[in-house]
There are 2 protein chains.
Amino acid sequence: MKRSSMENEVCAVARSLDVIGDWWTLLIVRDALAGLRRFGEFQRSLGAAKNILTTRLRALVAQGILETAPASDGSAYQEYRLTAKGRALVPVLVALGQWSNEHVFLPEQERILPVDRAQRLPIQPLQVVAADGRRLAPEEVHFDAPQRPPAGLS
Amino acid sequence: MKRSSMENEVCAVARSLDVIGDWWTLLIVRDALAGLRRFGEFQRSLGAAKNILTTRLRALVAQGILETAPASDGSAYQEYRLTAKGRALVPVLVALGQWSNEHVFLPEQERILPVDRAQRLPIQPLQVVAADGRRLAPEEVHFDAPQRPPAGLS
DNA sequence: CCGTATCCATTCCGATACTG
DNA sequence: CAGTATCGGAATGGATACGG
(Lines give C-alpha, C1' and ligand atoms only; values in the text may rest on other atoms or scores of the structure.)
Protein backbone atom coordinates (compact mmCIF):
# COMPACT_ATOMS: atom_id res chain seq x y z
CA MET A 1 0.00 0.00 0.00
CA LYS A 2 1.27 3.40 -0.88
CA ARG A 3 1.87 6.01 1.68
CA SER A 4 0.79 8.70 -0.75
CA SER A 5 -2.47 7.41 -2.17
CA MET A 6 -4.43 7.95 0.99
CA GLU A 7 -6.11 11.24 0.24
CA ASN A 8 -9.13 9.29 -0.89
CA GLU A 9 -9.05 6.76 1.87
CA VAL A 10 -12.40 6.61 3.60
CA CYS A 11 -11.26 5.08 6.87
CA ALA A 12 -10.63 7.79 9.41
CA VAL A 13 -7.96 5.75 11.14
CA ALA A 14 -6.04 5.15 7.94
CA ARG A 15 -6.41 8.76 7.02
CA SER A 16 -4.92 10.00 10.24
CA LEU A 17 -2.11 7.50 10.08
CA ASP A 18 -1.31 8.81 6.66
CA VAL A 19 -0.77 12.23 8.18
CA ILE A 20 0.82 11.48 11.53
CA GLY A 21 1.67 7.80 11.28
CA ASP A 22 5.33 8.48 11.13
CA TRP A 23 7.56 7.83 14.04
CA TRP A 24 8.85 11.35 14.60
CA THR A 25 5.72 13.31 14.06
CA LEU A 26 3.94 12.65 17.32
CA LEU A 27 7.13 13.10 19.27
CA ILE A 28 7.52 16.54 17.78
CA VAL A 29 3.96 17.33 18.74
CA ARG A 30 4.65 16.09 22.24
CA ASP A 31 7.67 18.34 22.52
CA ALA A 32 5.83 21.29 21.08
CA LEU A 33 3.16 20.74 23.68
CA ALA A 34 5.87 20.78 26.31
CA GLY A 35 6.81 24.23 25.11
CA LEU A 36 9.65 23.59 22.71
CA ARG A 37 9.66 25.94 19.78
CA ARG A 38 13.08 26.24 18.28
CA PHE A 39 14.78 24.03 15.77
CA GLY A 40 17.66 23.33 18.07
CA GLU A 41 15.42 22.49 21.00
CA PHE A 42 13.63 19.87 18.99
CA GLN A 43 16.87 18.52 17.69
CA ARG A 44 18.39 18.11 21.11
CA SER A 45 15.26 16.60 22.52
CA LEU A 46 14.72 14.12 19.74
CA GLY A 47 18.29 13.34 18.84
CA ALA A 48 17.29 13.36 15.20
CA ALA A 49 19.57 14.47 12.42
CA LYS A 50 18.97 17.99 11.26
CA ASN A 51 17.94 17.06 7.79
CA ILE A 52 15.25 14.73 8.90
CA LEU A 53 14.05 17.21 11.48
CA THR A 54 13.80 19.78 8.73
CA THR A 55 11.73 17.42 6.64
CA ARG A 56 9.38 16.60 9.47
CA LEU A 57 8.90 20.18 10.55
CA ARG A 58 8.13 21.16 6.99
CA ALA A 59 5.62 18.38 6.65
CA LEU A 60 3.96 19.36 9.90
CA VAL A 61 3.72 22.96 8.81
CA ALA A 62 2.33 21.89 5.44
CA GLN A 63 -0.30 19.83 7.23
CA GLY A 64 -1.26 22.74 9.42
CA ILE A 65 -0.21 21.03 12.61
CA LEU A 66 2.57 23.47 13.30
CA GLU A 67 2.91 27.04 12.19
CA THR A 68 5.98 29.19 11.95
CA ALA A 69 6.42 32.61 13.42
CA PRO A 70 9.37 34.97 13.74
CA ALA A 71 11.48 33.96 16.69
CA SER A 72 10.56 35.82 19.85
CA ASP A 73 14.17 36.36 20.83
CA GLY A 74 14.77 38.62 17.88
CA SER A 75 17.00 36.26 15.99
CA ALA A 76 16.44 35.89 12.30
CA TYR A 77 14.96 32.43 12.58
CA GLN A 78 11.63 30.75 12.97
CA GLU A 79 9.67 29.40 15.82
CA TYR A 80 7.41 26.41 15.43
CA ARG A 81 4.18 26.47 17.34
CA LEU A 82 1.24 24.13 17.53
CA THR A 83 -1.92 25.16 15.77
CA ALA A 84 -5.38 24.24 17.02
CA LYS A 85 -5.21 21.24 14.73
CA GLY A 86 -1.98 20.24 16.38
CA ARG A 87 -3.31 20.71 19.89
CA ALA A 88 -6.25 18.55 18.92
CA LEU A 89 -3.84 15.64 18.81
CA VAL A 90 -3.55 15.66 22.58
CA PRO A 91 -6.11 12.87 23.02
CA VAL A 92 -4.07 10.72 20.68
CA LEU A 93 -0.95 11.33 22.74
CA VAL A 94 -2.80 10.68 25.96
CA ALA A 95 -4.27 7.46 24.61
CA LEU A 96 -0.86 6.24 23.51
CA GLY A 97 0.74 7.16 26.81
CA GLN A 98 -1.94 5.49 28.85
CA TRP A 99 -1.78 2.35 26.79
CA SER A 100 1.93 1.88 27.15
CA ASN A 101 1.76 2.78 30.80
CA GLU A 102 -0.61 -0.08 31.44
CA HIS A 103 0.49 -2.60 28.89
CA VAL A 104 4.07 -2.04 27.86
CA PHE A 105 6.10 -0.81 30.80
CA LEU A 106 7.38 -3.20 33.38
CA PRO A 107 6.03 -2.34 36.83
CA GLU A 108 9.16 -0.83 38.27
CA GLN A 109 10.34 1.06 35.22
CA GLU A 110 10.44 4.80 35.37
CA ARG A 111 8.18 6.51 32.95
CA ILE A 112 7.01 9.84 31.66
CA LEU A 113 3.27 10.01 31.31
CA PRO A 114 0.61 12.45 30.31
CA VAL A 115 -0.12 14.38 33.47
CA ASP A 116 -2.16 17.33 34.52
CA ARG A 117 0.24 20.23 34.44
CA ALA A 118 -1.16 21.77 37.59
CA GLN A 119 -0.98 18.74 39.83
CA ARG A 120 1.48 16.53 38.05
CA LEU A 121 -0.94 13.67 38.53
CA PRO A 122 -1.82 11.20 35.78
CA ILE A 123 -4.79 11.84 33.55
CA GLN A 124 -7.81 9.66 34.11
CA PRO A 125 -8.19 6.83 31.63
CA LEU A 126 -9.90 8.03 28.48
CA GLN A 127 -13.44 6.78 28.27
CA VAL A 128 -15.24 5.88 25.12
CA VAL A 129 -18.76 7.21 25.39
CA ALA A 130 -21.58 6.64 22.92
CA ALA A 131 -23.85 9.37 21.61
CA ASP A 132 -26.44 8.48 24.21
CA GLY A 133 -23.95 8.59 27.07
CA ARG A 134 -23.34 4.88 27.57
CA ARG A 135 -19.75 3.92 28.29
CA LEU A 136 -18.60 1.53 25.64
CA ALA A 137 -16.40 -1.50 26.01
CA PRO A 138 -13.83 -2.06 23.27
CA GLU A 139 -15.97 -4.68 21.57
CA GLU A 140 -18.81 -2.22 21.20
CA VAL A 141 -16.78 0.09 19.04
CA HIS A 142 -16.85 -0.39 15.31
CA PHE A 143 -15.51 1.48 12.37
CA ASP A 144 -18.23 2.21 9.92
CA ALA A 145 -20.08 4.92 8.07
CA PRO A 146 -22.14 6.72 10.68
CA GLN A 147 -25.92 6.67 10.51
CA ARG A 148 -26.28 10.36 9.77
CA PRO A 149 -23.96 13.11 10.91
CA PRO A 150 -20.45 12.72 9.54
CA ALA A 151 -18.96 16.10 10.45
CA GLY A 152 -19.62 18.38 13.38
CA LEU A 153 -18.92 16.67 16.65
CA SER A 154 -17.02 13.53 16.04
CA MET B 1 16.99 7.14 16.19
CA LYS B 2 16.81 3.42 16.15
CA ARG B 3 13.53 1.64 16.16
CA SER B 4 14.95 -1.09 18.36
CA SER B 5 16.64 0.78 21.17
CA MET B 6 13.44 1.89 22.80
CA GLU B 7 12.99 -0.73 25.47
CA ASN B 8 14.56 1.68 27.91
CA GLU B 9 12.80 4.75 26.66
CA VAL B 10 11.09 6.51 29.53
CA CYS B 11 8.54 8.48 27.54
CA ALA B 12 5.28 6.61 27.38
CA VAL B 13 4.42 8.09 24.01
CA ALA B 14 7.71 7.03 22.48
CA ARG B 15 7.39 3.65 24.06
CA SER B 16 4.01 2.99 22.54
CA LEU B 17 5.08 4.29 19.16
CA ASP B 18 7.92 1.85 19.28
CA VAL B 19 5.40 -0.97 19.55
CA ILE B 20 2.55 0.19 17.35
CA GLY B 21 4.05 3.11 15.47
CA ASP B 22 4.19 1.21 12.26
CA TRP B 23 1.77 1.95 9.50
CA TRP B 24 0.10 -1.44 9.24
CA THR B 25 -0.17 -2.32 12.87
CA LEU B 26 -3.10 -0.18 13.88
CA LEU B 27 -4.95 -1.04 10.72
CA ILE B 28 -4.67 -4.70 11.59
CA VAL B 29 -5.98 -3.96 15.05
CA ARG B 30 -8.84 -2.02 13.54
CA ASP B 31 -9.72 -4.96 11.31
CA ALA B 32 -9.41 -7.42 14.14
CA LEU B 33 -11.80 -5.27 16.13
CA ALA B 34 -14.20 -5.42 13.18
CA GLY B 35 -14.14 -9.18 13.53
CA LEU B 36 -11.56 -10.26 10.99
CA ARG B 37 -9.59 -13.27 12.11
CA ARG B 38 -8.15 -15.12 9.19
CA PHE B 39 -4.99 -14.44 7.29
CA GLY B 40 -6.83 -14.08 4.02
CA GLU B 41 -9.39 -11.72 5.48
CA PHE B 42 -6.69 -9.37 6.66
CA GLN B 43 -4.92 -9.64 3.38
CA ARG B 44 -7.94 -8.72 1.33
CA SER B 45 -8.88 -5.92 3.66
CA LEU B 46 -5.45 -4.36 3.80
CA GLY B 47 -4.22 -5.11 0.33
CA ALA B 48 -0.82 -5.91 1.79
CA ALA B 49 1.51 -8.47 0.35
CA LYS B 50 1.43 -11.77 2.14
CA ASN B 51 5.00 -11.63 3.32
CA ILE B 52 4.45 -8.26 4.91
CA LEU B 53 1.27 -9.40 6.53
CA THR B 54 3.06 -12.43 7.91
CA THR B 55 5.71 -10.23 9.45
CA ARG B 56 3.22 -7.87 11.01
CA LEU B 57 1.01 -10.59 12.40
CA ARG B 58 4.02 -12.26 13.93
CA ALA B 59 5.14 -9.04 15.52
CA LEU B 60 1.69 -8.40 16.92
CA VAL B 61 1.53 -11.88 18.39
CA ALA B 62 5.00 -11.46 19.85
CA GLN B 63 3.88 -8.21 21.47
CA GLY B 64 0.82 -9.87 22.95
CA ILE B 65 -1.60 -7.73 20.99
CA LEU B 66 -2.93 -10.62 18.97
CA GLU B 67 -3.05 -14.27 19.90
CA THR B 68 -3.40 -17.28 17.68
CA ALA B 69 -5.91 -20.05 18.10
CA PRO B 70 -6.86 -23.04 15.97
CA ALA B 71 -9.26 -21.97 13.27
CA SER B 72 -12.85 -22.37 14.29
CA ASP B 73 -13.84 -23.79 10.92
CA GLY B 74 -11.77 -26.90 11.44
CA SER B 75 -9.15 -26.06 8.87
CA ALA B 76 -5.55 -26.66 9.75
CA TYR B 77 -4.75 -22.98 10.06
CA GLN B 78 -4.69 -20.27 12.66
CA GLU B 79 -7.00 -17.54 13.71
CA TYR B 80 -5.72 -14.23 15.01
CA ARG B 81 -7.67 -12.64 17.80
CA LEU B 82 -7.20 -9.52 19.83
CA THR B 83 -6.01 -9.93 23.38
CA ALA B 84 -7.04 -7.61 26.18
CA LYS B 85 -3.88 -5.65 25.47
CA GLY B 86 -4.97 -5.32 21.88
CA ARG B 87 -8.50 -4.27 22.76
CA ALA B 88 -7.01 -1.66 25.06
CA LEU B 89 -5.86 0.14 21.93
CA VAL B 90 -9.41 1.15 21.12
CA PRO B 91 -9.04 4.60 22.67
CA VAL B 92 -6.03 5.17 20.44
CA LEU B 93 -8.04 4.25 17.37
CA VAL B 94 -10.95 6.37 18.46
CA ALA B 95 -8.69 9.34 19.09
CA LEU B 96 -7.11 8.99 15.67
CA GLY B 97 -10.45 8.62 13.95
CA GLN B 98 -11.95 11.60 15.69
CA TRP B 99 -8.98 13.76 14.91
CA SER B 100 -8.99 13.06 11.20
CA ASN B 101 -12.75 13.40 11.09
CA GLU B 102 -12.52 16.92 12.39
CA HIS B 103 -9.24 18.08 10.97
CA VAL B 104 -8.31 16.10 7.91
CA PHE B 105 -11.39 15.18 5.93
CA LEU B 106 -13.00 17.66 3.64
CA PRO B 107 -16.59 18.35 4.69
CA GLU B 108 -18.33 16.39 1.99
CA GLN B 109 -16.00 13.41 1.86
CA GLU B 110 -17.38 10.08 2.85
CA ARG B 111 -15.72 8.56 5.82
CA ILE B 112 -15.64 5.60 8.12
CA LEU B 113 -15.52 6.59 11.75
CA PRO B 114 -15.48 4.96 15.13
CA VAL B 115 -19.13 4.41 15.94
CA ASP B 116 -21.18 2.74 18.60
CA ARG B 117 -21.93 -0.68 17.18
CA ALA B 118 -25.47 -0.67 18.52
CA GLN B 119 -26.59 2.66 17.13
CA ARG B 120 -24.07 3.32 14.41
CA LEU B 121 -23.70 6.82 15.78
CA PRO B 122 -20.34 8.49 16.27
CA ILE B 123 -18.58 8.24 19.57
CA GLN B 124 -18.51 11.36 21.70
CA PRO B 125 -15.25 13.29 21.59
CA LEU B 126 -12.75 11.83 24.02
CA GLN B 127 -12.29 14.03 27.01
CA VAL B 128 -9.11 14.49 28.92
CA VAL B 129 -9.94 14.55 32.59
CA ALA B 130 -7.54 15.25 35.44
CA ALA B 131 -7.29 13.15 38.57
CA ASP B 132 -9.57 15.57 40.40
CA GLY B 133 -12.19 15.49 37.66
CA ARG B 134 -11.41 18.76 35.92
CA ARG B 135 -11.63 18.67 32.15
CA LEU B 136 -8.32 19.66 30.72
CA ALA B 137 -7.60 21.77 27.69
CA PRO B 138 -4.71 20.62 25.50
CA GLU B 139 -2.34 23.18 26.98
CA GLU B 140 -2.92 21.77 30.44
CA VAL B 141 -1.54 18.39 29.53
CA HIS B 142 2.14 17.75 30.00
CA PHE B 143 4.36 14.76 29.71
CA ASP B 144 6.32 14.27 32.83
CA ALA B 145 7.10 11.87 35.65
CA PRO B 146 3.97 11.71 37.76
CA GLN B 147 4.00 12.94 41.33
CA ARG B 148 3.44 9.54 42.86
CA PRO B 149 1.52 6.68 41.35
CA PRO B 150 3.05 5.47 38.09
CA ALA B 151 1.12 2.25 37.55
CA GLY B 152 -2.43 1.36 38.45
CA LEU B 153 -4.85 3.72 36.80
CA SER B 154 -3.12 5.59 34.10
C1' DC C 1 22.37 29.04 15.51
C1' DC C 2 19.48 27.39 11.65
C1' DG C 3 19.11 25.21 8.26
C1' DT C 4 20.57 22.90 3.23
C1' DA C 5 22.91 19.55 0.40
C1' DT C 6 25.11 15.07 -0.22
C1' DC C 7 26.14 10.52 0.44
C1' DC C 8 25.51 5.98 2.14
C1' DA C 9 23.47 2.17 4.75
C1' DT C 10 19.45 0.10 5.93
C1' DT C 11 14.96 -0.89 6.02
C1' DC C 12 10.71 -1.66 3.89
C1' DC C 13 7.64 -3.04 0.69
C1' DG C 14 5.47 -5.12 -3.50
C1' DA C 15 5.61 -8.72 -6.86
C1' DT C 16 6.31 -13.18 -7.78
C1' DA C 17 7.08 -17.91 -7.32
C1' DC C 18 6.77 -21.92 -4.48
C1' DT C 19 5.02 -25.39 -0.77
C1' DG C 20 1.63 -28.14 1.95
C1' DC D 1 -6.14 -21.22 1.90
C1' DA D 2 -2.09 -20.04 4.54
C1' DG D 3 1.90 -19.22 4.56
C1' DT D 4 7.49 -19.19 3.10
C1' DA D 5 11.44 -17.70 0.13
C1' DT D 6 13.61 -14.49 -2.70
C1' DC D 7 14.51 -10.39 -5.25
C1' DG D 8 14.82 -5.60 -6.64
C1' DG D 9 13.39 -0.92 -6.22
C1' DA D 10 12.02 2.84 -3.43
C1' DA D 11 11.84 5.39 0.55
C1' DT D 12 13.92 6.48 4.89
C1' DG D 13 17.19 7.71 8.13
C1' DG D 14 21.80 8.93 9.93
C1' DA D 15 26.30 11.22 9.42
C1' DT D 16 28.62 14.80 7.80
C1' DA D 17 29.95 18.83 5.47
C1' DC D 18 28.62 23.26 4.02
C1' DG D 19 26.37 28.12 3.94
C1' DG D 20 23.71 32.27 5.67
Side-chain angles (χ1 to χ4, degrees), chain A residues 1-7 9 14 17-32 35-63 65-81, chain B residues 1-7 9 14 17-29 31-32 35-63 66-81:
Chain A
M1 190 170 304
K2 255 314 166 20
R3 242 84 168 299
S4 40
S5 63
M6 288 292 127
E7 290 95 40
E9 174 64 56
L17 290 175
D18 188 44
V19 179
I20 55 162
D22 148 87
W23 205 87
W24 294 108
T25 299
L26 285 177
L27 295 181
I28 294 174
V29 173
R30 173 203 65 181
D31 280 350
L36 304 198
R37 296 185 177 178
R38 295 296 288 264
F39 189 93
E41 293 179 311
F42 288 112
Q43 207 214 334
R44 275 186 299 280
S45 168
L46 299 169
K50 290 190 279 191
N51 50 0
I52 98 175
L53 181 56
T54 298
T55 304
R56 289 291 169 269
L57 289 174
R58 255 201 235 306
L60 285 166
V61 170
Q63 293 285 351
I65 292 170
L66 295 178
E67 61 189 359
T68 53
S72 49
D73 65 352
S75 68
Y77 305 109
Q78 306 275 357
E79 279 188 358
Y80 299 89
R81 309 236 291 248
Chain B
M1 190 170 303
K2 254 315 169 11
R3 240 86 169 299
S4 41
S5 63
M6 289 291 125
E7 289 93 40
E9 173 64 55
L17 290 176
D18 188 44
V19 178
I20 55 162
D22 149 85
W23 205 88
W24 295 107
T25 299
L26 285 178
L27 295 182
I28 294 174
V29 173
D31 281 348
L36 304 198
R37 296 184 177 178
R38 296 296 287 265
F39 188 92
E41 293 181 311
F42 288 112
Q43 208 214 333
R44 275 186 300 279
S45 168
L46 299 170
K50 289 190 280 192
N51 49 3
I52 297 179
L53 181 57
T54 299
T55 304
R56 290 288 170 270
L57 288 174
R58 256 201 234 306
L60 285 166
V61 170
Q63 293 284 353
L66 294 178
E67 62 190 357
T68 55
S72 50
D73 65 353
S75 67
Y77 303 109
Q78 306 273 358
E79 278 187 358
Y80 299 88
R81 309 237 291 250

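Chain letters run A, B, ... following the sequence lines, proteins first and then strands; every chain starts at 1.
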Undergrad: Using side-chain hydrogen bond (donor to acceptor under 3.5 Å, both in side chains) as the criterion, list what pairs up with B:R38, not counting sequence neighbours.
TA: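 For B:R38, the residues satisfying side-chain hydrogen bond (donor to acceptor under 3.5 Å, both in side chains) (neighbours in sequence not counted) are B:D73, B:S75.
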Undergrad: Taking only N and O in the side chain of B:R56, is any of them less than 4.0 Å away from OP1 or OP2 of C:dC12?
TA: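 The answer is no; no side-chain N or O of B:R56 sits under 4.0 Å from OP1 or OP2.
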Undergrad: Specify the separation, in whole Å, of atom CD1 of B:I52 and atom C1' of D:dA11.
TA: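 Result: 13 Å.
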Undergrad: Ignoring hydrogens, what is the shortest heavy-atom contact between B:L36 and B:F42? Give both atom names and the distance.
TA: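 That would be O-CZ, 3.3 Å.
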Undergrad: Tell me the interatomic distance from B:D22, atom CG, to D:dA11, atom P, rounded to whole angstroms.
TA: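 Checked: the CG to P distance equals 18 Å.
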Undergrad: Which atom pair, heavy atoms only, marks the closest approach of A:I28 to A:R56?
TA: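 Result for this residue pair: CD1-CB, 3.6 Å.
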Undergrad: Check the distance between C:dC12's P and B:W23's CH2 and give it to me in whole angstrom.
TA: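 Whole-Å distance recorded here is 16 Å.
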Undergrad: To the nearest 0.5 Å, what is the distance between CG (B:D22) and CH2 (A:W23)?
TA: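 Spacing of CG (B:D22) from CH2 (A:W23) equals 13.0 Å.
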Undergrad: For A:I20 and A:I65, run side-chain contact (heavy atoms from CB on, under 4.5 Å): C-alpha distance rounded to whole Å, both residues' side-chain angles, the deciding distance at 0.1 Å, then the answer.
TA: CA-CA 10 Å; A:I20 55 162; A:I65 292 170; 3.9 Å; yes
Undergrad: Ignoring backbone atoms, establish whether B:W24 has a side-chain N or O less than 4.0 Å from OP1 or OP2 of C:dC12.
TA: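 No, because none of the side-chain N or O atoms of B:W24 sits under 4.0 Å from OP1 or OP2 of C:dC12.
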Undergrad: Treating primed atoms plus P, OP1 and OP2 as sugar-phosphate and everything else as base, which nucleotides of nucleotides 1-6 of chain D get B, S or - for protein heavy atoms under 4.0 Å?
TA: BSBBBB
Undergrad: Give a yes or no answer on whether the side chain of B:E79 reaches the backbone of B:S72 with a donor-acceptor pair at less than 3.5 Å.
TA: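 Pair found, side chain donor or acceptor close to backbone of B:S72.
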